[in-house]
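Below is one structure, written out as structure tokens; the observations come after it.
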Amino acid sequence: MKILQRIMIMLLAGWLVSCGSPMPRQVAGHEPDGESGIGGTGIIASDSGIGGTGIVGEITGFGSIFVNGEEVETGRYTRVRVDGEVVRSHAFAVGEVVALRAVSRGEGLFAVEAVVRHEIIGPVTEVGEGVLTILGQIVRFDGRLPDVGERVAVSGFRDPAGVIHATRIVPVPAGDALVVGVPRETPSGWRLGGLDLQLRGRPPAGEIRLRGRLEGRTLQVRQMQRVFRLPFSEPVRRAVIQGFVRPLADGRLSIDGIEFVAPDARQVPMDRLVRLELRHRAGGWQLNRQLSSRDLPKGRRLPSSRAV
């Protein structure tokens, strides 16, 4: 009888605890020893997908990582993709273009998702004064230019004329060629810039990522992926975007493929790279403010990349 009473007391106590206020959802993470991540992991606040921040731009330095002046921590709980492919880890580097979905954690931001993107991967065919040609695409770069025949990966931004303004160019080993853009149909077939495309079927509308084998001046495409400039699993309500602005036929503007409205479109520069903060409200994205690059926090430019 005493045993039965003890069991009933234990069950009643468990029931009372379960009726209490639920604990907030948290994920505790412990960073292994060594430089396995950028910043600590600590306790990550839960994210409902409402009110997060999307950040698209060039990595300018480290503390955590700095993109568009925003300092964002990454760690073992950051889900990383490179050119649309999931990877276990990645060594972030200054000059890389990334898209981050960040949530509040303490007084800062933590990247739940990090998407690294390249505009081109392939061999250099022409080199000029500050300009080179890769896969039929014109690339401008202020740094050291690679040699003709060198296979490189290019991070950067396309301007309205289709010219890529590179922020980082690095050599890469042999493999598939890659190019991002909007193919156009011609009487002789599909093309992207000065590159002929051999496609299996009609490409999807909008900007796409093409992978395949380069044969002369023709890319034998084996994979086509639609490119989304806010490529996250959940929506965000604030976006800090770096890119070139172009006007649209309906009076709206577009930056890096993201359409938005502005109180006065004439005040938005369209001849150079800019950084804009957008807010998502009823009806779509709206310009909140322009970010000046003049006092933009950039972090430390470390001699080597940092891994996560």
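Throughout, residue positions are numbered sequentially from 1 according to the sequence presented. From a predicted model like this one, the values you see are computed outputs, not experimental measurements.
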>> Keeping T167 on the side-chain end and S155 on the backbone end, is there a donor-acceptor pair under 3.5 Å?
In response: yes

>> Hydrophobic cluster membership, with links at side-chain heavy-atom distances under 4.5 Å among I/L/V/M/F/W/Y: are I241 and V268 in one?
In response: yes

>> Restricting to salt bridge (charged side-chain N to carboxylate O under 4.0 Å, His left out), what partner residues turn up for R222, sequence neighbours left out?
In response: D176

>> Among residues at least two apart in sequence or on other chains, which ones pass salt bridge (charged side-chain N to carboxylate O under 4.0 Å, His left out) with R202?
In response: E185

> Can you tell me if Q137 uses its side chain to pair, donor with acceptor, with the backbone of L192 under 3.5 Å?
Replying inline: yes

> Of all residues at least two apart in sequence or in a different chain, which pass the ring-ring contact (aromatic ring centres under 6.0 Å, His included) check with F244?
Replying inline: H165

Expected list for residues 122-133: side-chain donor-acceptor pairs under 3.5 angstrom, two or more places apart:
{"from": "T125", "atom 1": "OG1", "to": "T133", "atom 2": "O", "distance (Å)": "3.1"}

> For atom CZ of R226, is the number of surrounding heavy atoms from other residues, nucleotides or ligands below 6.0 Å larger than 12?
Replying inline: yes

>> Taking the basic N atoms (NZ, or NE/NH1/NH2) and the acidic carboxylate oxygens, is any pair closer than 4.0 Å for E207 and R158?
In response: no

>> Please enumerate all residues that pass salt bridge (charged side-chain N to carboxylate O under 4.0 Å, His left out) together with R272, with sequence neighbours excluded.
In response: none

> So, the side chain of Q290 versus the backbone of Q267: is there a donor-acceptor pair under 3.5 Å, distance only?
Replying inline: yes

>> When you measure from the side chain of N68 to the backbone of E70, do you find a donor-acceptor pair of N or O atoms at a distance under 3.5 Å?
In response: no

>> Has R151 got a side-chain atom pairing as donor or acceptor with G175's backbone, closer than 3.5 angstrom?
In response: yes

>> Can you pull out every salt bridge (charged side-chain N to carboxylate O under 4.0 Å, His left out) where at least one residue sits in residues 242-261? Sequence neighbours excluded, please.
In response: R117-D256, R229-D256, D250-R252, R252-E259

>> Hydrophobic cluster membership, with links at side-chain heavy-atom distances under 4.5 Å among I/L/V/M/F/W/Y: are L199 and V179 in one?
In response: yes

> Counting distance only, does the side-chain N/O of E71 pair as donor-acceptor with the main-chain N or O of G63 below 3.5 Å?
Replying inline: no

> CZ of R281: more than 12 outside heavy atoms within 6.0 angstrom?
Replying inline: yes

